[in-house]
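Below: one structure, written as structure tokens.
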Amino acid sequence: MTEQSGMGQRIKAARKAKGLTGEHLSELCHINATYFRQIEAGRKIPSLTVFVSLCRELAVSPTYLLEDCLNDNELSGFNVLSDLWKTAPPYQIEVVTAMIRSALECM
């Protein structure tokens, strides 16, 4: 299975689990239904905007959709950060977000 088709299969599985048709999900993501079918079939890679929209509408993490594209070491890093983020109180999330923004602005 290619990385692209793996992501398409995960999108399709998540879509079906939510009881959505491809046409309805494409409408929710504001994309053409043909383009969406190509993404789901693994023939097209979604833009970042579409990728984020798919994650949001399907209520899945980017890590889930990218699982075939990331090696185990990269996944473990995402999972650690995700677990920390889920359990952090709001004030810690605000501090960490400010730190990351500041670091990125200095680069």
Side-chain angles (χ1 to χ4, degrees):
M1 170 182 349
T2 67
E3 294 167 353
Q4 241 175 286
S5 65
M7 181 175 20
Q9 288 175 357
R10 290 180 196 292
I11 291 169
K12 185 175 188 174
R15 175 180 62 77
K16 287 186 173 192
K18 290 204 54 119
L20 297 171
T21 64
E23 186 170 308
H24 187 215
L25 182 56
S26 67
E27 288 172 8
L28 292 171
C29 295
H30 307 288
I31 60 173
N32 180 286
T34 300
Y35 175 52
F36 174 74
R37 284 191 296 275
Q38 292 171 332
I39 292 170
E40 204 171 65
R43 290 190 302 271
K44 295 277 186 181
I45 298 173
S47 68
L48 179 58
T49 304
V50 171
F51 180 78
V52 170
S53 184
L54 286 167
C55 289
R56 184 180 50 250
E57 295 300 336
L58 294 171
V60 297
S61 72
T63 305
Y64 169 74
L65 293 183
L66 294 172
E67 195 169 301
D68 296 315
C69 302
L70 303 171
N71 65 38
D72 289 339
N73 188 36
E74 291 168 323
L75 279 176
S76 68
F78 279 121
N79 291 335
V80 168
L81 290 174
S82 177
D83 290 343
L84 289 171
W85 196 261
K86 288 176 190 172
T87 60
Y91 76 92
Q92 287 180 340
I93 291 173
E94 288 177 29
V95 170
V96 170
T97 302
M99 291 170 60
I100 292 170
R101 279 195 184 114
S102 179
L104 290 173
E105 288 171 4
C106 294
M107 298 177 115

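All values reported here derive from a predicted model rather than from experimental measurement.
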| Inter-residue atom distance S26.OG - L20.CG, 0.5 Å rounding |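 The distance works out to 10.5 Å.
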| Roughly how far apart are R101 CZ and C106 SG, rounded to 0.5 Å? |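 One gets 14.0 Å once the value is rounded to the nearest 0.5 Å.
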| request: Inspect the surroundings of CD in E23 and state if more than 12 heavy atoms from other residues, nucleotides or ligands are less than 6.0 Å away. | output: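 It does not: E23 CD has 12 such atoms or fewer within range.
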| said: So does T49 get a backbone contact from the side chain of S53, meaning a donor-acceptor N/O pair under 3.5 Å? | reply: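 Absent.
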| field | Under 3.5 Å donor-acceptor, R37 side chain and G22 backbone | value |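 Checked: no pair found.
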| said: Is there a path of hydrophobic side-chain contacts, each under 4.5 Å between heavy atoms, that joins L66 and L48? | reply: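 Per the 4.5 Å side-chain linkage, L66 and L48 are not co-clustered.
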| message | Quick one, Y35 and V50 - any side-chain contact, counting heavy atoms below 4.5 Å? | response |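 Result yes, sub-4.5 Å side-chain heavy-atom pair found.
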| task | Quick one: closest heavy-atom pair of Y64 and R10, and the distance? | result |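 That closest heavy-atom pairing would be O-CD, 2.8 Å.
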| query | Which atoms form the tightest heavy-atom contact between T97 and I93, and what is the distance? | reply |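 Heavy-atom minimum between the residues: OG1-O, 2.7 Å.
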| field | Working for side chain to side chain contact (heavy atoms under 4.5 Å, CB included), residues L54 and L25 | value | CA-CA 8 Å; L54 286 167; L25 182 56; 4.0 Å; yes
| task | Only pairs at least two apart or in different chains count here, so list each side chain to side chain donor-acceptor pair (under 3.5 Å) that has a residue in residues 12-21. | result |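 Every pair satisfying side chain to side chain donor-acceptor pair (under 3.5 Å) with a residue in residues 12-21: R15-E40.
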